[in-house]
Structures are given as structure tokens and as C-alpha cells.
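Everything quoted here is computed from the prediction, not taken from an experiment.
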Amino acid sequence: MSVQTIRPTDLPAGHRRTVHVDVTIPRPTTVASVFRAAARVLAANGLYQGDYVPDARNREMCIPQVFRPMSIVAALRCAVSGDPQVSSLLADAAVGVLALRLDGGPVWGDIFSLEAHVDEWGDMPGRTTESAVAVLYAAADATEVSA
């Protein structure tokens with residue numbers, strides 16, 4: 001008499017079934033990992049030169065905001081919280097570090113000036129997604145070296 005081992009993925013006829021497994025993607029926990037995650041978001045979605053995402057109030061588009069092209073600040077926020085319009089302390093810290101690296105930094109140090117400085121840099125004519133991604137990766141490398 002042979003003993004057969006029955007696995008939860010086996011069916012009585014000997015076929016296998018697909019098992020759905022939910023895997024949560026870990027959120028970044030350091031400023032350098034936020035830069036890398038935001039670079040991946042921008043590389044996948046594209047750089048939007050404007051206010052966060054196109055049609056931010058969802059009046060004309062039915063595509064979720066996380067799949068639309070977005071500004072650098074929106075990509076940093078999306079990398080941390082999953083939503084380009086939700087702010088967090090880690091996203092704000094990443095915006096601050098990046099703003100101080102770009103063109104000498106802003107005149108004022110409040111979060112609105114830091115965001116405006118990063119947005120102005122990203123909105124310059126001729127700015128491409130590739131250049132924004134390269135700056136984010138360079139900022140991530142520089143942040144890790146200085147830490």
C-alpha cells in the first residue's frame with residue numbers, strides 16, 4: 001500500500017491549482033530608499049510638469065492617480081504613502097534633502113518653499129523623466145555616503 005501526500009494545491013485528478021498569495025510591498029524607511037522608490041515610480045509613470053498629477057481632482061480622468069505621470073514631489077509622496085497627495089514626515093524629509101541638493105537650495109526653509117523649489121526644478125523646459133530619475137538615484141547614493 002502506497003501513501004500519497006496530498007498538498008493543498010493539488011486537486012483529486014492530479015492537476016495543480018493556482019493559489020493567490022497577497023504580498024505587501026514594503027514601504028521605504030530611509031530617505032535614500034525613498035529616493036530610489038520615487039525614481040522607480042517616475043520611471044514607470046513618467047514626469048509630469050505641473051501640479052502633482054494631471055487632473056488632480058479626477059474630473060476628466062478615471063485612471064487612479066498612482067498610475068498617472070507625476071511631479072517629483074508627488075513621486076516622493078507616492079513612494080512613502082502610496083498616494084501622491086498624502087504627505088508624511090519621511091516624504092517631507094526627502095523633499096527637504098532633495099531641495100537642498102538642487103541649485104543651491106531655496107531661499108526659505110519651510111516645507112512649502114522646499115516643495116516649490118523641487119517643483120520649479122522639475123518644471124524647467126526640457127527636463128526629462130530620465131534626468132529626474134538620474135538626480136533621484138544620485139541623491140540616494142549621496143545620502144547613503146554621508147550617513
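Counting heavy atoms from C-beta on, the side chains of Pro106 and Leu100 come closer than 4.5 Å. In this structure, the side chains of Val135 and Leu98 come closer than 4.5 Å at one or more pairs of heavy atoms. Looking only at side-chain heavy atoms (C-beta outward), Glu144 and Val31 stay at 4.5 Å or farther from each other.
Note on Phe112 and Trp121: same hydrophobic cluster, where clusters join Ile, Leu, Val, Met, Phe, Trp and Tyr whose side-chain heavy atoms are under 4.5 Å apart, directly or indirectly. By the criterion of side-chain heavy atoms lying less than 4.5 angstrom apart, applied directly or through intervening Ile, Leu, Val, Met, Phe, Trp or Tyr residues, Leu89 is not grouped with Ile111; the two fall into different hydrophobic clusters.
Minimum interatomic distance between Cys78 and Met70 (heavy atoms only, all atoms of both residues): CB-SD, 4.0 Å. Looking at every heavy atom in both residues, Glu115 comes nearest to Val73 through O-CG2, 3.8 Å. For Val34 against Ala94, the heavy-atom pair with the smallest separation is CG1-CB, 3.7 Å. In this structure, Ala132 and Leu42 approach most closely via the heavy-atom pair CB-CD1, 4.0 Å. The shortest non-hydrogen separation linking Tyr137 to Arg40 is OH-CG, 3.6 Å. Taking every heavy atom of both residues into account, Leu114 and Gly109 meet most closely at CD1-O, 3.7 Å.
The main-chain N or O of Arg77 is found under 3.5 Å from a side-chain atom of Ser81 such that the two form a donor-acceptor pair. Under a 3.5 Å cut-off, the side chain of Thr129 and the backbone N or O of Leu47 do form a donor-acceptor pair. A side-chain donor-acceptor contact under 3.5 Å links Thr143 to the backbone of Ala139.
From Leu76, atom CG reaches atom CG of Asp92 across 10.0 Å, with rounding to the nearest 0.5 Å. To the nearest 0.5 Å, atoms CG (Leu102) and CE (Met124) are separated by 10.5 Å.
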Q) Should His117 and Val95 be marked as a side-chain contact (heavy atoms from CB on, under 4.5 Å) after you check the CA-CA gap, both sets of side-chain angles, and the distance that decides it? A) CA-CA 9 Å; His117 184 71; Val95 168; over 6 Å; no
